[in-house]
Undergrad: 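Structure in structure tokens, see below.
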Amino acid sequence: MTINTTTNTSDPQQTLIDLRSDTVTLPTPAMREAMARAEVGDDVYGEDPTVNRLEELAADLVGKEAAIFVPSGTMGNLTALLAHGRRGARVICGDECHIYHYEAGGASALGGLVYHPLPTAPDGTLPLERVRAALAAPHDEHEAPPGVLCLETTHNRCGGTVLPLTYLEEAHAIAREAGVPLHLDGARIFNAAVALGVEARAIARHADTLLFCLSKGLAAPVGSIVAGPRPLIARVRRMRKLVGGGMRQAGVIAAAGIVALTEMTARLADDHATARTLAEGLAALPGLQVDLSRVQTNIVRFELAASHLAPMDFLAALRQCGVLIGQLEGNVLRAVTHYGISPGDVRQAVAAIRDVLEA
Ligand code: TLP
């Protein structure tokens, strides 16, 4: 995503209504307390008790045999793809997915994998007939073989849309039939779970491996998890070492991750409610377009009408009012609600946006 370069991030955060992302969330007091008290050891030797506890808890929550703590979602997706794929194989993914757009081409640059992007529907699904065709065995030596299928839920660039369980189940069956693993970028899987009213493991069961983040809506300062079958996670561990992600006394940050998973998942419903209020507020403003059917979780994707301000001017004017918003591309903008955003902040943001549009 285009980071709003006009943002002066040295502004004191408490005076800003920061809707650029849920990655801006600050650790909760319980997290800081847990971090201060964390029992630690050298995790590269497998001796950090807090990391081990986090990995066990994470694996259990998503119903997988094993899990590994990694520094970021990007590294989680990368190491999973490196673990699944062999050089020259294809990563079949959506043309709007995070792995393809925002991860610096890592699987290709570092793993020799070839991205095979498929068209993404507005709800974040990929047409299953296209998936089936992409997964088919190569006719001959001209074609790169399929290596791994990637799906994303909630879907970031589609505006936080949630993949239906029936869709995931069908995609997984197609992948299994083709003998190709399905990797789920579930950075916001707990948002998806809350929206569907299911446990995260009900989603994760339709993926061979998955990535999820502790550092977004769950408010941990750092860290993500890759989960899957034990032998595959052992390969991810090797790939994590390869890319320099082996950490030492990482229990200090893993402790916040444990709080994230035990205390912060249920409250995501509050973020979905504030996102809905925000979306409805924006939809009522002339000059903005919001597809309310796509506002399913904590992300509001909206468009600035071409006749109004240029997007960068709009974002800069909003910043003057203390409201930060992200830009997906061109006049497509994104506002994300999170732990640091109250219903009052949303009312204030809508009022500021109205003022800027009317000015
Ligand atoms: N997304 C960030 C930015 O990179 C765009 C954001 O602000 O939303 N998968 C998905 C679906 C993501 O949205 C993100 C982060 C990641 C993976 C990567 O996570 P990190 O930032 O921890 O590397």
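Numbering of ligands and ligand atoms starts at 1, following listing order. Below, each value reflects all heavy atoms present in this structure, side chains not excepted, and no hydrogens, waters or symmetry copies.
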Undergrad: Among Arg20, Arg188, His155, which one puts a heavy atom closest to atom 8 (O) of ligand 1?
TA: Arg188

Undergrad: Give a yes or no on whether a salt bridge exists between Arg248 and Asp48, defined as a side-chain N under 4.0 angstrom from a carboxylate O.
TA: no

Undergrad: Checking side-chain contact (heavy atoms from CB on, under 4.5 Å) between Arg188 and each of Asn156, Thr153, Thr297, which is the one that passes?
TA: Asn156

Undergrad: Suppose we screen for ring pair (Phe, Tyr, Trp, His ring centres under 6.0 Å). Which residues come up paired with Phe314, at least two apart in sequence or across chains?
TA: none

Undergrad: Any side-chain donor paired with an acceptor under 3.5 Å for His155 and Thr161?
TA: no

Undergrad: For atom 9 (N) of ligand 1, which candidate among Ile99, Thr153, Thr154, Asp185 provides the closest heavy atom?
TA: Asp185

Undergrad: Give the single entry among Lys216, Met75, His98 that approaches atom 4 (O) of ligand 1 most closely by any heavy atom.
TA: His98

Undergrad: Which residues satisfy the salt bridge (charged side-chain N to carboxylate O under 4.0 Å, His left out) test with Glu96, sequence neighbours excluded?
TA: Arg157

Undergrad: Pull out every atom of ligand 1 sitting under 4.0 Å from any heavy atom of Glu103, numbered as shown with elements.
TA: 17 (C)

Undergrad: Can a side-chain donor-acceptor contact be found between Glu152 and His98 if the only test is distance below 3.5 angstrom?
TA: no

Undergrad: May I ask whether Arg157 has any heavy atom positioned less than 4.0 angstrom from an atom of ligand 1?
TA: no

Undergrad: Flag the pair Arg240 and Asp43 as a salt bridge only when some basic side-chain nitrogen lies within less than 4.0 angstrom of an acidic carboxylate oxygen.
TA: yes

Undergrad: Which one of Asp95, Ile92, Val91 satisfies the side-chain contact (heavy atoms from CB on, under 4.5 Å) criterion with Tyr115?
TA: Val91

Undergrad: In terms of atom number and element, which parts of ligand 1 are under 4.0 angstrom from non-hydrogen atoms of Ser72?
TA: 22 (O), 23 (O)

Undergrad: May I ask you to identify, for His101, whether its side chain, its backbone, both or neither come under 4.0 Å of ligand 1 on a heavy-atom basis?
TA: neither

Undergrad: Of the backbone atoms (N, CA, C, O) and the side-chain heavy atoms from C-beta on, which set of Thr74 has a member under 4.0 Å from an atom of ligand 1: side chain, backbone, both, or neither?
TA: both

Undergrad: Would you say Asn156 and ligand 1 have an N/O pair spaced under 3.5 Å apart?
TA: yes

Undergrad: Go through ligand 1 atom by atom and flag the ones less than 4.0 Å from a non-hydrogen atom of Gly73.
TA: 18 (C), 19 (O), 20 (P), 22 (O), 23 (O)

Undergrad: Using a strict cut-off of 4.0 Å, indicate which atoms of ligand 1 neighbour a heavy atom of Ser21.
TA: 6 (C), 7 (O), 8 (O)

Undergrad: Answer side chain, backbone, both or neither: which part of Ala187 comes under 4.0 Å from ligand 1, heavy atoms only.
TA: side chain

Undergrad: Does the distance from a Lys or Arg side-chain N to an Asp or Glu carboxylate O, for Arg237 and Glu55, drop under 4.0 Å?
TA: yes

Undergrad: Hey, is ligand 1 close enough to Ser215 that some N/O pair sits below 3.5 Å?
TA: no

Undergrad: Show which atoms of ligand 1 fall inside a sub-4.0 Å distance from at least one heavy-atom site of Glu152.
TA: 11 (C)

